[in-house]
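These numbers come from the heavy atoms of this one structure, side chains and all, not from hydrogens, waters or symmetry mates.
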Amino acid sequence: MALRAKFMRYGWISIGIVFVDHFYSIRVVSGSSMQPTLNPIDSRWRDFVLFDKLSIGGYGVYRRGDIVSFKSPNNAGPLLVKRIVALEGDVIQTMPPYPDKEVTIPTGHVWVEGDDWRSRDSNHFGPIPLALIDAKLSWILWPLSRLGPIDRVNIRPSQTSGHAWRPADIWKSKSARLKIGHLKDNWRPNDAQ
């Protein structure tokens, strides 16, 4: 009987490890690089979010505007959270401190940027390989006032440090610097010609 109890206990632990490694994980987002989408200024809480690993690992579908977590290309620190702005084949007008004014995104790479202009993103380290992407943000779980899928999260103007802001404004400012290299909005690594 004791053996069965141990098996049941450790079996659930194994299932939990597989679930977190391959399907979904809950994480706390720290920092201000994705404000006001994540961790808005007027929130007393840091955002607890659900990351979907299955859609990255299993299906490999990337879209402009997706918020992803990825390993830093420069150091082995914590995962970074940024928005995909450009896919392979796209041409992006960069911002300082990036040394070139325009970059064509190479095969197997994406360009990521934070929603806040002070973000350390592709403008610092260039396009990132798809292999560094860990998961795609799908839901905000906490605080409860912001509970919901990330594409429908209600962001109030009071969360934007005083200026009138709409969720589409960030994407408009980023997409204005973008020349799309292929016609698809959804892209899979095996779609490359």
Side-chain angles (χ1 to χ4, degrees), residues 21-22 24-25 27-39 47 49-139 150-151 153 165 167-193:
D21 278 350
H22 298 289
Y24 294 93
S25 62
R27 298 187 187 139
V28 178
V29 177
S30 300
S32 62
S33 71
M34 288 301 295
Q35 282 181 347
T37 307
L38 299 173
N39 293 332
D47 287 348
V49 296
L50 181 69
F51 278 96
D52 176 5
K53 293 182 174 196
L54 186 62
S55 66
I56 297 297
Y59 302 109
V61 176
Y62 303 93
R63 294 183 315 181
R64 293 173 198 89
D66 283 347
I67 298 174
V68 295
S69 64
F70 60 95
K71 298 172 188 125
S72 171
N74 293 340
N75 59 24
L79 293 174
L80 303 176
V81 178
K82 307 292 179 207
R83 185 181 301 276
I84 293 177
V85 176
L87 303 171
E88 81 173 33
D90 292 347
V91 177
I92 185 85
Q93 294 174 0
T94 65
M95 296 177 358
Y98 201 76
D100 302 324
K101 292 201 182 291
E102 261 189 8
V103 172
T104 300
I105 310 304
T107 302
H109 289 70
V110 293
W111 188 269
V112 294
E113 292 184 0
D115 288 352
D116 186 76
W117 65 274
R118 296 171 296 229
S119 172
R120 287 195 64 79
D121 51 29
S122 285
N123 287 300
H124 288 82
F125 45 72
I128 64 162
L130 294 173
L132 293 180
I133 296 177
D134 178 64
K136 182 170 96 173
L137 179 64
S138 58
W139 276 69
I150 193 63
D151 58 345
V153 171
W165 182 89
D169 288 345
I170 288 174
W171 183 241
K172 277 186 202 172
S173 68
K174 293 182 183 308
S175 62
R177 302 185 350 246
L178 175 67
K179 294 177 194 160
I180 296 175
H182 46 78
L183 298 176
K184 295 182 179 179
D185 258 352
N186 296 329
W187 181 81
R188 297 172 191 255
N190 51 353
D191 283 349
Q193 279 105 6

Review point. Are any of the side-chain heavy atoms of I150 and D66 separated by less than 4.5 Å?
Key: no
Practice item. Please check if any side-chain donor atom of D115 sits under 3.5 Å from a side-chain acceptor atom of T37, or the reverse. Key: yes
Exercise for review: Locate the shortest heavy-atom distance separating F125 from R120; write the atom from each residue and the value.
Suggested key: CE2-O, 3.9 Å
Practice item. Output, in order, the C-alpha distance, side-chain angles, deciding distance and verdict of side chain to side chain contact (heavy atoms under 4.5 Å, CB included) for V68 and V81. Key: CA-CA 6 Å; V68 295; V81 178; over 6 Å; no
Practice item. Evaluate the side-chain proximity of F51 to K136: yes if any heavy-atom separation is below 4.5 Å, no if none is. Key: no
Review point. At their closest point, which heavy atom of P127 faces which heavy atom of Y98, and how far apart are they?
Key: CD-OH, 4.0 Å
Review point. Salt-bridged, D134 to K53, with N to O below 4.0 Å?
Key: yes
Check your understanding: Do D47 and R27 meet the salt-bridge criterion of a basic N to acidic O distance under 4.0 Å?
Key -> no
Check your understanding: To the nearest 0.5 Å, how far apart are CG in L132 and OG in S69?
Key -> 11.0 Å
**Study point:** Under 3.5 Å: donor-acceptor pair, side chain of D121, backbone of G114
**Key:** yes
Review point. Would V112 and L80 satisfy side chain to side chain contact (heavy atoms under 4.5 Å, CB included), going step by step from the backbone distance to the final call?
Key: CA-CA 10 Å; V112 294; L80 303 176; over 6 Å; no
Review point. Roughly how far, to the nearest 0.5 Å, is OG of S30 from CG of N39?
Key: 7.0 Å
Practice item. Kindly compute the distance separating OG (S25) from CG (L50), expressed to the nearest 0.5 Å. Key: 7.0 Å
Check your understanding: What is the minimum heavy-atom distance between V103 and D100, and which atoms define it?
Key -> CG2-CB, 4.5 Å
Review point. Are a donor atom and an acceptor atom from the side chains of K101 and T94 found within less than 3.5 Å of each other?
Key: no
Check your understanding: Heavy atoms, side chains only, cut-off 4.5 Å: are M34 and R83 in contact?
Key -> yes
Practice item. Please report the shortest heavy-atom distance between V85 and E113, naming the atom on each side. Key: CG2-CB, 3.8 Å
Check your understanding: Can you name the nearest heavy-atom pair linking I92 to A86, along with the distance?
Key -> CB-CB, 4.5 Å
Point to revise | Non-hydrogen atoms of G89 and T104 that approach each other most closely | key: O-CG2, 4.2 Å
**Study point:** Single hit among L87, I84, I105 for side-chain contact (heavy atoms from CB on, under 4.5 Å) with W111
**Key:** I105
Check your understanding: Does the side chain to side chain contact (heavy atoms under 4.5 Å, CB included) test come out yes or no for H109 and E88, once each step is laid out?
Key -> CA-CA 6 Å; H109 289 70; E88 81 173 33; 5.8 Å; no
Review point. Is there a side-chain contact between L38 and Q35, using heavy atoms and a 4.5 Å cut-off?
Key: no
Check your understanding: Passes side chain to side chain contact (heavy atoms under 4.5 Å, CB included), K82 versus S33? Steps please.
Key -> CA-CA 8 Å; K82 307 292 179 207; S33 71; 2.9 Å; yes
Practice item. Considering only NZ, NE, NH1 and NH2 on the basic side and carboxylate oxygens on the acidic side, decide whether D90 and R64 come within less than 4.0 Å. Key: yes
